[in-house]
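In the text below, chain A, chain B and the rest are named by the order of the sequence lines, each starting its count at 1.
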Amino acid sequence: MPGKTILFTSGKGGVGKTTSTANIGVALASQDPNINVCMIDMDIGLRNLDIQLGLENRIVYNIVDVVEGACKARQALVKDKRLPNLALLPAAQTRDKSAVSPEQMITLIAELREMFDLILIDSPAGIEQGFYNSVAAADEAIIVSTPEMSAVRDADRVIGLLEAQNRKINCWLVINRLRPAMVQSNDMMGVDDVVEILNIKLLGVIPEDERIIVSTNKGEPLALAKSHKPNGAGQAYQNIALRLTGVEVPLMVFGESENIFVKQFNKLKALIKFS
Amino acid sequence: MGLLGWLTGPPKDVTSRDEAKKRLQLTIFHDRMEVMELPPDRLNALRDELLLVIAKYFEVDIGRTECTLEQDEREVAFVANIPVKRLRGS
C-alpha cells in the first residue's frame with residue numbers, strides 16, 4: 001500500500017511545527033520498527049528540521065537537488081542513526097521556496113510513497129509558495145497552534161485554505177505549549193476555547209515543557225527519551241503518534257497545579273466563590 | 001465582604017482568558033468574511049438588490065428588513081428576514 005502523507009502547518013511561525021514534526025516522527029518510528037517514516041523539510045532557505053533531529057552534519061544532497069535531477073531521492077535521504085526506519089529529506093539552505101513547484105512535489109511524493117509508509121511534511125510558516133508546495137500532495141494535515149490569539153487566528157486562516165482545496169484533506173489540531181496553571185487561573189485560553197473557535201478534531205495537547213529546549217540542544221527529540229515524565233511533552237508526543245496509528249489514548253489531564261500550595265489555595269478560592 | 005472579599009480579591013467579571021476568546025471570535029469572524037470577499041458595503045449592496053427582486057412579488061416592510069451573516073460551525077450563512085405585507089397581484 002502506498003504511504004500516507006501528513007502535513008504539519010500553522011500559518012504563524014514559532015508555534016512548534018518543526019519540533020512537533022520531529023517528535024511525532026521519531027515517536028512513530030520508535031513505536032513500530034516495521035513502519036518506515038520519512039520527514040521532509042519544506043522550509044527551503046531556512047531549514048531547521050535537520051538540527052532538531054541532530055542530523056545536520058550528515059546532509060549531502062537536498063530536496064532541490066532531487067527535483068532538479070542532480071541526484072536520486074534515495075541519495076538525498078539522510079538515515080537516522082538511532083532509528084533505521086526513519087529518514088529525513090532535507091531542505092536546501094541556499095535557495096528559496098520557488099526552487100520547487102507543487103507539480104514537482106506531487107511527483108516526488110508519489111515516488112516516496114513507494115518507499116515509505118508515512119511521509120511527514122514540515123511546512124514553512126506563511127501561506128505563500130512554500131505552503132502550497134507542502135499542501136500539494138498531502139492526505140492529512142496537522143495544524144499546530146499555541147493557545148495564543150495570533151496563533152489561533154493564523155491557524156483558522158490555514159484551515160480555511162486547506163478546506164478550499166479541491167480535494168479533501170483531513171485536518172487535525174495539535175495545541176502546543178499549553179500552560180495548565182495559567183489556564184486554571186483564567187489567564188490563558190484553554191483547550192476547549194481553542195477547539196471551540198477552530199472547530200476541528202483535536203489530535204493532542206502538548207504542555208509547555210523546558211526539556212524540549214534541552215533535548216533540542218542535544219539534537220535528540222524529547223519523544224525519543226527512554227522514560228517520560230507523566231504529563232510532559234515527550235509523553236504527549238508519543239500519545240499523538242499512537243493516535244495517528246489508530247490506538248485510542250485518552251487526553252492528558254492537566255487540571256491540577258503541581259504546587260500543593262497553589263492547589264489548596266485554588267480549592268479554597270473555589271469554595272468561597274460557590275458559597 | 002470583609003475577610004472573604006480580601007481572600008478572593010476584587011471581583012473579576014471578565015478574565016483575560018474570556019477577553020482573548022471574545023476578541024478572537026470576532027476577529028476570526030471578520031477574517032472569514034474578508035476571505036469570502038464580502039466587506040460590509042457589499043453586504044448592503046446585496047440587501048438592496050435582493051429587496052428589488054423580492055419587491056416584484058411581495059409588498060415588503062423595508063423598515064423592518066434585516067440582513068446578516070451568521071456563523072454556524074465553520075460555515076457562514078446569509079440570513080435575510082424580510083417581513084411581507086401582502087402579495088403583489090400578477
Side-chain angles (χ1 to χ4, degrees), chain A residues 11-12 127 141 143 145-165 168-173 175 178-201 262 264-275, chain B residues 1-51 53 65-82:
Chain A
K12 189 180 180 303
I127 48 172
I143 291 67
S145 180
T146 63
E148 290 156 297
M149 292 179 67
S150 42
V152 177
R153 182 191 196 179
D154 292 1
D156 184 76
R157 183 88 176 86
V158 160
I159 296 165
L161 292 173
L162 289 169
E163 283 177 346
Q165 295 285 305
K168 171 89 183 135
I169 300 172
N170 213 357
C171 289
W172 298 93
L173 174 66
I175 299 177
L178 185 86
R179 298 170 67 162
M182 285 193 76
V183 176
Q184 203 174 19
S185 57
N186 286 324
D187 290 322
M188 191 179 214
M189 282 190 290
V191 174
D192 295 346
D193 301 322
V194 179
V195 171
E196 186 191 327
I197 290 170
L198 294 177
N199 199 35
I200 60 168
K201 289 165 290 180
V262 175
Q264 291 305 326
F265 184 68
N266 282 335
K267 265 189 195 163
L268 186 70
K269 255 172 99 169
L271 255 172
I272 292 167
K273 262 184 200 159
F274 278 116
S275 59
Chain B
M1 279 260 282
L3 179 65
L4 284 188
W6 176 80
L7 258 177
T8 53
K12 276 187 196 163
D13 293 329
V14 182
T15 64
S16 82
R17 173 187 184 170
D18 293 332
E19 210 174 323
K21 191 177 174 187
K22 216 180 259 172
R23 286 177 58 212
L24 191 55
Q25 277 171 325
L26 199 66
T27 309
I28 284 180
F29 181 77
H30 282 284
D31 285 352
R32 288 180 189 167
M33 291 299 113
E34 247 177 80
V35 170
M36 287 172 70
E37 287 165 19
L38 203 67
D41 55 324
R42 297 277 297 154
L43 185 63
N44 290 340
L46 166 62
R47 183 198 58 206
D48 295 345
E49 261 182 73
L50 196 64
L51 278 174
V53 178
T65 296
E66 272 176 49
C67 291
T68 50
L69 285 162
E70 281 174 21
Q71 203 176 349
D72 174 35
E73 308 247 298
R74 290 201 59 84
E75 287 183 347
V76 172
F78 172 75
V79 181
N81 189 354
I82 306 168

(request) For A:Arg153 and B:Leu24, indicate whether the former's side chain and the latter's backbone hold a donor-acceptor pair under 3.5 Å. (result) no

(request) For residues A:Ile197 and B:Ile28, report the shortest heavy-atom separation together with the two atoms involved. (result) CG2-CD1, 3.4 Å

(message) Using heavy-atom distances under 4.5 Å, tell me whether A:Val183 contacts chain B through its side chain, its backbone, both, or neither.
(response) both

(message) Just verifying a value: how many Å separate B:Glu19 CD and A:Met189 CE, rounded to the nearest 0.5 Å?
(response) 11.5 Å

(request) Name the region of A:Met188, side chain, backbone, both or neither, that has any atom closer than 4.5 Å to a heavy atom of chain B. (result) backbone

